[in-house]
Structures are given as structure tokens and as C-alpha cells.
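So you know, we letter chains A, B, ... as the sequences are listed, proteins then strands, and number each from 1.
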2 protein chains.
Amino acid sequence: MRAAVMTDWELRIDEVPDPTPGAGQVLTRVLACGICGSDLHMLRHGEELRRRTAELEGEFGDDPTAMKPVVFEPHLDTVMGHEFCCEVVEVGPGCTIRSDGDLVVSLPVTFDDRGLHTVGYSNLYPGGYSELMVLNEALTLPVPNGLSHRLAALTEPLAVGVHAVAKSRIAPGDAAIVLGLGPVGLACVAELRMRGIGPIVGADFSSRRRELGELLGCDVVVDPRERPAVAAWRDLDGQRPLVVFEAVGVPGMIDAAMRMSPRDARILVVGVCMQTDHVDPMVGISRELNVQFALGYTPEEFASSLDAIAEGRVDLEPLLTGTVDIDGVPQAFADLADPDRHAKILVEPT
Amino acid sequence: MRAAVMTDWELRIDEVPDPTPGAGQVLTRVLACGICGSDLHMLRHGEELRRRTAELEGEFGDDPTAMKPVVFEPHLDTVMGHEFCCEVVEVGPGCTIRSDGDLVVSLPVTFDDRGLHTVGYSNLYPGGYSELMVLNEALTLPVPNGLSHRLAALTEPLAVGVHAVAKSRIAPGDAAIVLGLGPVGLACVAELRMRGIGPIVGADFSSRRRELGELLGCDVVVDPRERPAVAAWRDLDGQRPLVVFEAVGVPGMIDAAMRMSPRDARILVVGVCMQTDHVDPMVGISRELNVQFALGYTPEEFASSLDAIAEGRVDLEPLLTGTVDIDGVPQAFADLADPDRHAKILVEPT
């Protein structure tokens, strides 16, 4: 099958063997797969990410009993893509719940007798930048009738926001500032809005991203070069307990979030800063701040994200700024570097 | 009166004018005043602390409507000492609840028509390294009959631990690691024990401090050069939700606490690191850690700390490692640099 293949941190379009479903697995045709910032990051900084992850695994905080996914080998082919919506084309041995033609989404993990695999970061299980994928039947969720495969493919990125908001313990009556209106920040805004949180202040350098922030639920958006987000919050409200969502993920952002935060504020870090970063503990101490880090989502949050989209509780249509076929993936990776052009590009392989 | 006086960040023994009580204030004789690490820090790094505090006040997180204490002028005399137990010797105009001879403790703040003042860091209100103090009657608490003035003077440092533990949201069924068994870490241990939290693992380089940790309630203590605290916790338990109390307050400790923490752990930062510090957000993100900063205590926590000591729910006697008169204050400041010699030195002025 045709796929966008990463080998030695280079992306190319190539033919790779068709995957075959094992026991309890289904073979699917990819209808749409969103391109995630993590994939751009993996291509550019994968070697460093691997090194850092390996370092952390040797540390005491690491749980030696936890089941860890099989790590991919960068010299071998990897097909990325973990925000997918697929159509079942063949059910493997022992499958009982899915049939040919079913539209499904799935947590981007699968397991077999070799262990746990992260779909899209695996040499064994190609992700959605390809024509075909193998999924564990038990982890698939049916896409409700009538929901487009494009919107269904946004289940995964929405789940990241749903999880971050849950981790922040924000409640009605609290206010939110969202720093960074990329897909992660926008997913946070969407979930905050669904929960009835307000006011929501969004901050981004890009005017296009700020427009998206407004469409998804920000009460006010600011260019932080012109007006600090916290000044906008003080003008709007300034009284409610405040949660600052850090969805940028570059060095200095946690420090910036702490410095702008008023006494007793909470900071939810969902942007992934890979480098060693600096903070000023005096700021945290003098204001008794709380910093919560968040990653990923639970299976329940994934399922509820699909439901929210399917039931129309959130309209993620504005996020969809482009579609490409498999041949267009490398160019789409390049185009996503410009926040004024794109939020989410979907790959539609066929 | 005789006092240990700080001027231009130098400590000397000198005569200063006796304070006089205003409306709603009482004049008291100091029976005992603990020497706090903050005072050693103020003497050594006060200028930097002032500069950093002033910087923070200009930032957006700073609440412009909050009532701020009057800042002391370092070129003028300041008498430090904020962990005191006193005897009322004269009641000022309008006082209705205290009488001569009453033993009292108080939050180390006072207010008058010039504003709010932090007792012990004020040019106007001398602290407990002197013979006499003026306190706001409304903020004094009577020392219950029979409680020694020495133990009563430990109300304030215990309150720091009571507050940190409350801020950590630790609950029965959780486990705790306390990094640093100075007076702050030991107060955390004491409060954790009062709340029935266990196991408690304490870590300190000093063998004397580790002994105190055991006396105050640690289930096990470690020298982190020989055995990581988290290894001791894994041997004892390793399953319960974990809260790591950072009570050292030097650069690198927050990072160290994060690196030793297992998935979903909470870190309570009560050690005051004044310098810019480094952290590794990847550690926090991959384990979804929570970092809560804590400072000070509430009036309720201060009162409950006095009650806990008076009712014998906690025995802080082991903390008391020395007493000096006013002339001995400078030497006591020097002696406290050696953690194997001292935990808490009390000044008994008369």
C-alpha cells in the first residue's frame, strides 16, 4: 500500500506491505487522519525525544511494573498518524463486534503477543498516513450514523483537551486563560465552553488562530505582544478563581504562566516543552500557585469526545483548514509550520 | 530595652526605645522567641530578597487591590523574631480581652493607622529578639494553662507545616516523603503524623535531623547520599498515592522531587528557593505530576497549631535544642548553620 513513511527521521512517500489483522484485530481503510504537531516534532526532534525518554526510564520515579509500549526503531520504516477515522474492510479471527463497512475510530494503541504498541509510532502497526490500518477490535468505537469521517477524525485531538480540562479540576464559576491556540489549545477552549466555563481568554500571536479561538468559544482573544492575557481577564472579570492553560510548549512558557498568575491560580501544562526549562520558585511560593502537568487521555475521555462531536455539542468544523492525499503529506508538514494558514490538515488517503 | 538589632544587614546587640501600645494594642514581655531560618536568610540575602519582591510586585499576577505590609527600611533598625510567646504587661487604650499577666502568642502581624506591619520585619514593631513587644490584642491567642512558654513559641513553625500539609490535599491512605528535616520539614512530619498519614519517609543529610524525624513521626529516615527516599518508600509501600514535600529550598530540589516522583504524584513545595531554578517539563508531563507551592498559614491554622501543642497531640520538645539570652543571638545565628547541632534555638530575653 501507499504510505508516508518515516525512516531515519526522513519522510518519503513509498510502498509498504499491507498489514494483516491477527486474532481480535480488524483491517481498516483509512478515511481521514489528522496531522498532529507531535508528528512534526517527532520528525524534527525524534532522536532527542528518544534519548530523553530513555533517560527518564532509568530514574526512580519510573514505575518498573508499568507495561511499556514497544519502542520503534528509527532505522526501520514507521508510518505515523494517530488521529484517524477508518472503515472496516476485513475482520480477523475471533472478532465478534465489527463488520465490513463499519466506520470506526480507536485509541491509537494496539496489543498482541509481542506487547503494547502505539499506533503511528510503531514499526509493526502503520498509522493513518497510509491506505490501510490494523486495529484491535476491542478498542474501536463505532462512529455514530451520519457523523462525517472528517469530524470523527478529530476525536483524538479533542480528547487531549477534554483530559487537560479534567486534570485542571476547573469548575463552573472559575475563569480560564488559554495560552496558545493551536489544535491543543483550541481543544481546551472547546471543552471549557462545553463545560460552561467563562470567561475564557485566549492568547496567540497568530490572527488566524485567534479567529479560531473565538469560533470555538473564547470570550476574548488577545495578541500577547499587544495586550497581556491577564489584563484582558482583569478587565472582563478578575475575580473568579483562575486556571491558566499552557498549550504552547516552548521554554519559558511555564515561567510566563506563573508570572502572570494571580494568587491561588492553577496552571495546567498541556504544551510539551522538551528542553530543560527555568522557573522562579519565589513566584510560585509567594502566590501559592499550583502547576498540574497533563498528557494524553483516558479511554472514557476518548469515547466522550466522540460523543460530544457526534451529538453536536461542539462544532469543530472551523479547525479543518485543509485536506491532502498521501502524496501531499510532506508538503502539509511544511505548511503546518505557518499558524496563519492552517490549524488541522486531514490526510484522506483514498 | 535590650535587643538584637539588624541595620544594613548587620546584627548587633543594642539598646532600642521601648515600644508603646496604641489603641487596641498590648505591651508584652517576651518569654521565648524561636530563631527561624528565614531570619538567617534575611540577614544574609535580604537585599536580594527585597529586590526580587519588588520585581514581582510590578508583574501582572500581582493583585493591585491586595493590602500589602509596610516594607522595612534596611538602613533603619529592625528587630527580627516572629515565633514568640509573651506575657502581657500593659494593655493599651480600648483593650477589653487581655489582662496583665496573660500568656499569649500571636500571628506575627499587626496593624495601625499607618497600615499592616509584619512583626519581626518592621522598623516600627520590634520582634521577639528583644525584651518587649507590642501586639494587636485582637490577634493574640491565650496560651492554655500549663503549657510552657517554650512549647507555645513553637506554634508559628508548626503552623507552617500544618498549612503545607493542608495545601497538599493529602488524605488518609496516601503516603508522604519529606525532603529536608529542618524545622519546616519536621513540622510537616508532625502534622502528617497527627493526620494519621503513613508511611512517612524522611530524608536529610544530617544524622541528628534524621533522629528528630524519627522522633516526630517518620516511619523511616534515609540519608539520600546512601539511599534514595523513593527507594525506601517503594520498599515500605510503593502503592499508595504519594505526596513529596520539598522542604529544603535550594536550586535543583524541585527538579529532584519531580524526578523521584512516580506517575500522578503530588509535590508540595514549602522550601523557599530564592534563585531562578531549572525543571524538566518532560518529567512532569510524562508522569502527570502536580506541583503545589505553599507559604505561611491562615489564622485558623495558627490557632489549631497552638491547640495541638497544648492538648498534647504533638510533642515538639525534641525540636528544642538550645536556649540563649539576647546577647547570645548572634552566636545562635552562627550555630544554626550546623544541622547536626541544632534544630530550634529559643531566645529567652529575660
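- A side-chain hydrogen bond (donor to acceptor under 3.5 Å, both in side chains) check over residues 237-253 of chain B, counting only residues at least two apart or in different chains, returns the pairs Trp233(B)-Asp237(B).
- Both the backbone and the side chain of Ile285(A) come within contact range of chain B, with heavy atoms under 4.5 Å apart.
- Of the listed residues Ser286(A), Ala265(A), Gly284(A), Gly296(A), the one with more heavy-atom pairs under 4.5 angstrom with chain B than any other is Gly284(A).
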I'd like a table of donor-acceptor pairs (distance under 3.5 Å, sequence neighbours excluded) in which one partner is a side-chain atom from residues 35-46 of chain B, with atom names and distances.
from     : atom 1 : to        : atom 2 : distance (Å)
Asp39(B) : OD1    : Tyr121(B) : OH     : 2.4
Asp39(B) : OD2    : Tyr129(B) : OH     : 2.4

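- Looking at heavy atoms from C-beta onward, Val291(B) lies in side-chain contact with Phe293(A) at the 4.5 angstrom threshold.
- In terms of heavy-atom pairs under 4.5 angstrom with chain B, the leader among Glu55(A), Arg52(A), Arg266(A) is Arg52(A).
- Of the residues considered (Thr53(B), Leu242(B), Leu289(B)), Leu289(B) shows the highest number of contacts with chain A, using heavy-atom pairs under 4.5 Å.
- Taking 4.5 Å as the heavy-atom cut-off, the residues of residues 268-277 of chain A that approach chain B are Val269(A), Gly271(A), Val272(A), Cys273(A), Met274(A), Gln275(A), Thr276(A), Asp277(A), ordered by number.
- No side-chain heavy atom of Val279(A) sits less than 4.5 Å from a side-chain heavy atom of His278(B).
- Taking non-hydrogen atoms and a 4.5 Å limit, the residue list of residues 161-181 of chain A in contact with chain B, ordered by number, reads His163(A), Lys167(A), Arg169(A).
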